[in-house]
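See below for the structure under consideration.
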Amino acid sequence: MISLKHELHKFLACPIDKKSPLLLLVLDDSSSEIVSGVFRCGECTRFYPIIDGIPILLPDHLRNQSQETNFLIKWKNKLPDEIIYQSLPFNIKPED
Ligand SMILES: [Zn+2]
């Protein structure tokens with residue numbers, strides 16, 4: 001059975017171009033929720049983190065660069081390189 005938590009993301013859309021559905025990568029989950037994960041928009045290549053169970057789908061000017069860069073560094077080994085190094089609006093340099 002596919003749990004509801006994994007179905008909800010089908011209703012979320014990119015706040016920039018409204019593309020839906022977004023690609024979902026689950027990094028850490030409990031029985032009731034996705035604790036950590038990433039949405040990625042195939043249209044504009046933006047990523048949107050799920051931090052402490054909360055999907056942060058905000059336009060660029062409302063995003064917290066230091067929080068999201070730290071998130072990328074934390075999950076560097078579990079995320080594909082194209083998200084770590086190439087996503088908009090933030091990414092990290094390979095030497096970080
Ligand atoms: Zn987009």
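Whatever order the structure lists ligands and atoms in, that order sets their numbers, starting from 1.
For D60, the salt bridge (charged side-chain N to carboxylate O under 4.0 Å, His left out) partners at least two apart in sequence or on another chain are R46.
The side-chain hydrogen bond (donor to acceptor under 3.5 Å, both in side chains) contacts involving residues 77-90 comprise R40-S87, where partners must be two or more places apart or lie in separate chains.
Metal site remark for the Zn ion (ligand 1): E43 contributes no N, O or S atom at a distance under 2.8 Å.
Taking the six-membered ring where the residue is Trp, F71 and F47 present parallel rings, their angle staying beneath 30° rather than reaching 60°.
Take the Zn ion (ligand 1) as the corner point: the lines to SG of C44 and to SG of C41 open at 110°, to the nearest 10 degrees. Between the SG atom of C14 and the OD1 atom of D17, the angle taken at the Zn ion (ligand 1) works out to 80° after rounding to 10°.
Here the closest non-hydrogen pair linking L24 and I34 is CD2-CD1, 3.8 Å.
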